[in-house]
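To start, the structure itself, in C-alpha cells.
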Amino acid sequence: MTLQQEIVGNAMQMAVVSLQPGQTVYCEAGKFLFKTTNVTMETRLGGPSGGGGRQSQPGGGGPGGMGGLLRQAMGTAMQAGQRALAGESLAFQYFTTQGGEGTVGFAGVLPGEMRALELDGTRAWFAEKDAFVAAESTVDFGIAFQGGRTGRSGGEGFVLEKFTGRGTVIIAGAGNFIDLNPADFGGRVEVDTGCVVAFEEGIQYGVQRVGGLNRQGVMNAVFGGEGLSLATLEGNGRVILQSLTIESLANALRKAQGGDKQGPTGGLFSTNAQ
C-alpha cells in the first residue's frame with residue numbers, strides 16, 4: 001500500500017501523511033509535528049531493520065521465543081550504538097492509526113525543502129546525516145560509514161544514512177533542491193561537500209582535493225570558500241543537492257550576532273571552531 005503524503009509549505013516545508021488502517025510510519029525523534037487523536041505514538045530504540053518495527057510472536061522456539069527476543073535485543077542495541085556513533089537520535093517514534101484513516105505531520109529542522117522517495121526494493125538510497133524525517137515501517141533505516149580518507153575529508157563527516165526495502169521515505173534539506181544525474185554531465189559532477197543531500201545506490205561518492213599544491217590550489221583553498229575538498233559524484237542515477245549548506249548558515253548567523261569567525265577571506269578560515 002503506497003503511503004499517501006503531501007508536502008506543503010515553501011521556505012519551511014512539512015509532510016502531511018494520511019495513514020490507512022494497517023499502515024505504520026516512523027520518524028526520528030524531534031521530527032514529529034502533529035497527529036489526529038486516533039493515531040497512536042510509541043517511542044522505541046529499535047528501527048525496522050533491528051526488529052523494532054515488527055511484532056514478536058508468542059512461543060518458545062519461534063521469532064518471539066527467548067532466542068528471538070535475544071536476537072532482537074542485540075540487533076536493537078547494535079543499531080542504537082551505530083546511531084550514537086553517527087551522532088543520530090537514539091530513538092524512533094512510531095505512528096499507527098486505529099479505527100479509520102489518521103493524519104500525522106512531520107518536518108525537518110532547517111529552512112528548506114522536503115522530498116518523498118519511493119523505494120522499490122531494487123536500489124538503496126543514501127542521504128546526508130540528519131536528512132531523514134520519516135518512513136513507512138517497510139523501509140529499513142541504517143548507517144553507512146564512508147571508508148577512510150573519503151569520510152574524514154568529506155565536510156559532512158564519514159557517516160551516511162542508508163534506506164533499503166520497499167515504501168516511502170521522506171527526507172529534508174536546507175534551501176532549495178536540485179535533481180540531476182551525473183550521466184547527463186559527462187558522468188561526473190563536483191560539488192561543495194555540504195551540498196549533497198541524497199543519491200541512489202550505484203552513484204560513486206568521493207572527495208577530491210581542490211587543485212594541486214601550487215599557487216592556484218592554495219588560492220582556491222584559502223580564498224575560494226570551499227576549503228581543501230570537493231565532493232565527487234559519478235555514475236548513472238539520481239542525485240539531490242541543496243542550495244544552502246549548514247556551515248554557511250552557521251557562519252551567517254554568527255556574523256549577524258557579531259561573532260563572525262571566518263574573517264574576510266573565507267576558505268580555510270571559514271571554520272566552526274570557537
Side-chain angles (χ1 to χ4, degrees), residues 7-15 27-33 83 86-89 105-117 125-134 143-144 146 150-161 163 169-180 189-199 205-210 220-233 238-274:
I7 295 177
V8 299
N10 296 305
M12 186 68 183
Q13 293 187 323
M14 66 178 179
C27 75
E28 189 175 45
K31 305 293 178 69
F32 163 73
L33 291 180
R83 293 200 304 272
E88 299 278 358
S89 169
F106 305 101
V109 295
L110 294 171
E113 288 195 43
M114 301 180 72
R115 183 67 52 82
L117 307 174
W125 270 87
F126 296 89
E128 69 168 344
K129 193 177 71 170
D130 295 327
F132 172 69
V133 175
I143 299 295
Q146 283 291 325
T150 295
R152 289 194 298 270
S153 305
E156 294 303 309
F158 61 97
V159 176
L160 292 172
E161 299 173 335
F163 309 106
V169 57
I170 301 171
I171 60 173
N176 295 122
F177 285 173
I178 179 173
D179 293 73
L180 55 83
V189 292
E190 301 171 354
V191 302
D192 184 294
T193 54
C195 287
V196 180
V197 179
F199 53 89
Y205 171 79
V207 174
Q208 72 171 26
R209 187 181 302 275
V210 178
N220 287 339
V222 175
F223 298 103
E226 306 303 329
L228 290 172
S229 303
L230 287 175
T232 62
L233 297 157
R238 290 175 62 191
V239 172
I240 301 175
L241 305 178
Q242 63 189 7
S243 63
L244 178 65
T245 70
I246 296 176
E247 182 182 16
S248 63
L249 177 60
N251 285 334
L253 292 174
R254 279 197 299 269
K255 186 175 182 180
Q257 294 171 352
D260 184 17
K261 300 295 183 182
Q262 69 173 346
T265 58
L268 283 179
F269 303 128
S270 177
T271 175
N272 290 324
Q274 298 299 319

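Hydrogens, waters and symmetry mates play no part in the numbers below; they use all other heavy atoms, side chains included. No experiment lies behind these values; they were computed from the predicted model shown.
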Evaluate Phe199 against Tyr205 for ring-ring contact (aromatic ring centres under 6.0 Å, His included), listing each step before the verdict.
CA-CA 9 Å; Phe199 53 89; Tyr205 171 79; 5.8 Å; yes
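- Looking at residues two or more places apart in sequence or on another chain, you find no side-chain hydrogen bond (donor to acceptor under 3.5 Å, both in side chains) involving Thr232.
- Side-chain contact between Val189 and Val239 is absent, with no heavy atoms from C-beta onward closer than 4.5 Å.
- Atoms SG and CD1, from Cys195 and Ile246 in turn, are 11.0 Å apart once rounded to the nearest 0.5 Å.
- In this structure, CG in Leu110 is found 7.0 Å from CE in Met12, a value given to the nearest 0.5 Å.
- With values rounded to the nearest 0.5 angstrom, Met14 atom CE is found 6.5 Å from Leu33 atom CG.
- For Lys31 (side chain) and Ala134 (main-chain N/O), no donor-acceptor pair under 3.5 Å exists by modelled atom type.
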Please tabulate, one pair per line, all N/O donor-acceptor pairs under 3.5 Å involving side-chain atoms of residues 169-177, not counting sequence neighbours.
| residue | atom | partner | partner atom | Å |
| --- | --- | --- | --- | --- |
| Asn176 | ND2 | Glu113 | OE2 | 3.4 |

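- Rounding to the nearest 0.5 Å places CG of Leu160 at 9.0 Å from CD1 of Ile143.
- Listed here is the closest heavy atom pair of Cys27 and Phe132: C-CE2, 4.0 Å.
- Without hydrogens or angle criteria, Gln242 side chain to Val197 main chain gives no donor-acceptor distance under 3.5 Å.
- Heavy atoms only, all atoms of each residue included: Leu233 and Val196 are closest at CD1-CG2, 4.2 Å.
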Query raised in the report: Would Thr245 and Asp192 count as a side-chain contact (heavy atoms from CB on, under 4.5 Å) if you check the C-alpha gap in whole Å, the side-chain angles of each, and the deciding distance to 0.1 Å?
Result: CA-CA 9 Å; Thr245 70; Asp192 184 294; 3.9 Å; yes
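- Here the closest non-hydrogen pair linking Met114 and Gln13 is N-OE1, 2.8 Å.
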